[in-house]
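See structure below.
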Amino acid sequence: MTQNAGIIGMGHAYPSATLTNADLEKIVETSDEWITTRTGIKQRHKAADNEYTSQFGVLAARQALERAGLEPTDVELIVCATTTPDQIMPSTGAIIQAQLGASNAAGMDIFAACSGFLYGLTMVESMIRTGQIRHALVIGAEVLTKYVDYTDRSTCVIFGDGAGAAVLGPVPAEKGILATKIRSDGRYEEQLYAPGGGTKLGTSHKTIDDGLHFFKMKGNELFKVAVRSMAEISAEVIENAGYAVADIDLVVPHQANQRITDAVASRLGVPEEKVYSNIAEHGNTSSASIPIALDECIQTGKIKEGDLVLLTAFGGGATWGSTLIRF
Ligand code: UT7
């Protein structure tokens, strides 16, 4: 007998400041019309200079714990999915652990870009299922805007900041995570990357002058891979769990681009009204996008007890994944 693992509390947080399309029109050569029609984004939240990733992770985690009715000391593992850690060492997961006072937990980070939250769910689910741990926090937290080059219109209009957190714990047999799968293909490395600051190029005046610490993206090359990968892995996960696409009550995809979301839904054969989108308000918040969206759906009653919800993500790496959950 194995133990099913499910989400038993969620929370999210984001900076109060926003950057609208009109603001961006004043910074780079772009237009509200281009951004809206090509991405669906109207605004994104942007951290202030003195705000950083763990702060939003802590806020989201506290809310998730409260809603789960648990204390920080009840959690045995804190997995923080992030591409924009507070610093290279220690992990943002460990920093969040200290801030929460989660003195019985191990804290760690997962680096899987926009798929990081699903990587975290997948790992934690198996640890709960096999009885290694009972309760864990999976957090997606990002301050992407500090890695964005505001002279590069192909990236600066896309990304926003925020965090979402889920408390995972034991749930009855027919509930929780029913199937989950993650994949990567590192041959897509240069399609979305920040080459500077690591052991390969180091940090020097030259890497900084050349802007190598900023995200660089070949968005149109990733677009088709993203649609194909998310649709394929979602179909596989639905089938592995013994369901059909028609059984799905709601799809909560990574919010990369409204056109990507629409194309994935169309490939899968899921009607528009069963697909959640908040990209207009938040932009692309990488690993935070799914937990923020999922929490919004739970808080607004869009997800009800018993609903079958499909999550799917694609991100730099390339990484991708899908998770099917019965709430
Ligand atoms: O988060 C997960 C990983 N990331 C993704 O999955 C990203 C996937 N890709 C995308 O979302 C889209 O490719 C973008 C939104 C990034 C770009 O949209 P696109 O429709 O693929 O545009 P494009 O890159 O093919 O560029 C089309 C044109 C180009 O002009 P020319 O060469 O046709 O004259 C660009 O220079 O649009 C131009 N352009 C812009 N124009 C106004 C690119 N960015 C902008 C901009 N404003 N912000």
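Just so you know, ligand 1 is whichever comes first in the structure, and atom 1 is the first atom listed for that ligand. All heavy atoms count here, side chains included; hydrogens, waters and symmetry mates do not. All residue numbers refer to positions in the sequence shown, counting from 1.
- Within ligand 1, the atoms closer than 4.0 Å to a non-hydrogen atom of I158 are 15 (C), 16 (C), numbered from 1 in the order shown.
- The nearest protein heavy atom to atom 13 (O) of ligand 1 is closer than 4.0 Å.
- Atom 29 (C) of ligand 1 lies below 4.0 Å from none of the non-hydrogen atoms of the protein.
- Near V157, the atoms of ligand 1 lying under 4.0 angstrom from a non-hydrogen atom of the residue are 48 (N).
- With ring centers used as reference points, Y14 lies 6.0 Å or more from F56.
- Classification of K42 and D32 as a salt-bridged pair holds, one side-chain N sitting under 4.0 Å from a carboxylate O.
- A donor-acceptor pair under 3.5 Å links the side-chain atoms of D161 to the main chain of T145, judged by distance alone.
- K302 has no carboxylate O lying under 4.0 Å from a charged side-chain N of D307, or vice versa, which leaves the two without a salt bridge.
- Remark: ligand 1 atoms within the under-4.0 Å shell around heavy atoms of C114 are 1 (O), 2 (C).
- Per-residue contacts place R259 under 4.0 angstrom from the following atoms of ligand 1 (heavy atoms of the residue considered): 18 (O), 20 (O).
- The nearest protein atom to atom 2 (C) of ligand 1, hydrogens excluded, is given as F314 O, 3.2 Å; this is a heavy-atom distance.
- Applying the ring-ring contact (aromatic ring centres under 6.0 Å, His included) test to pairs two or more places apart or on separate chains, none has a residue in residues 93-141.
- For the residues M217, R153, M230, the heavy atom positioned nearest atom 36 (O) of ligand 1 is part of R153.
- For atom 44 (N) of ligand 1, the closest heavy atom belonging to the protein is W34 CH2, 3.3 Å.
- Annotation: Y147 is in aromatic contact with F215 [ring centroid separation under 6.0 Å].
- Looking at D86, its side chain never comes within 3.5 Å of a backbone N or O of T92 through a donor-acceptor pair.
- By the 30° and 60° cut-offs, the orientation of the rings of H282 relative to H45 is tilted.
- At distances below 3.5 Å, at least one donor-acceptor pair connects side-chain atoms of R67 with backbone N or O atoms of M10.
- Annotation: S31 places no N or O atom under 3.5 Å from an N or O atom of ligand 1; distance criterion only.
- Scanning the protein for heavy atoms near atom 1 (O) of ligand 1, the closest one is N284 ND2, 2.7 Å.
- Panel note: side chain E71, backbone A102; no donor-acceptor pair is recorded below 3.5 Å.
- Considering only non-hydrogen atoms, atom 5 (C) of ligand 1 lies nearest to I260 out of I41, N257, I260.
- Considering backbone and side-chain atoms alike, G219 places an N or O below 3.5 Å from some N or O of ligand 1.
- Listed by number with element, the atoms of ligand 1 under 4.0 angstrom from any heavy atom of L192 are 3 (C).
- Taking atom 25 (O) of ligand 1 as the reference point, the nearest protein heavy-atom neighbour is N220 ND2, 3.1 Å.
- At under 3.5 Å, not a single nitrogen or oxygen of T39, backbone or side chain, sits near a nitrogen or oxygen of ligand 1.
- Taking 4.0 Å as the cut-off between side-chain N and carboxylate O, E236 and K181 count as a salt-bridged pair.
- The protein does not reach atom 34 (O) of ligand 1 closely, with no heavy atom under 4.0 angstrom from it.
- The single protein non-hydrogen atom nearest to atom 27 (C) of ligand 1 is R38 NH1, 3.6 Å, given as residue, atom name and distance.
- Looking at atom 47 (N) of ligand 1, its nearest protein heavy atom turns out to be T30 OG1, 2.7 Å.
- Taking CD of E125 as the start and OG1 of T180 as the end, the distance is 7.0 Å to the nearest 0.5 Å.
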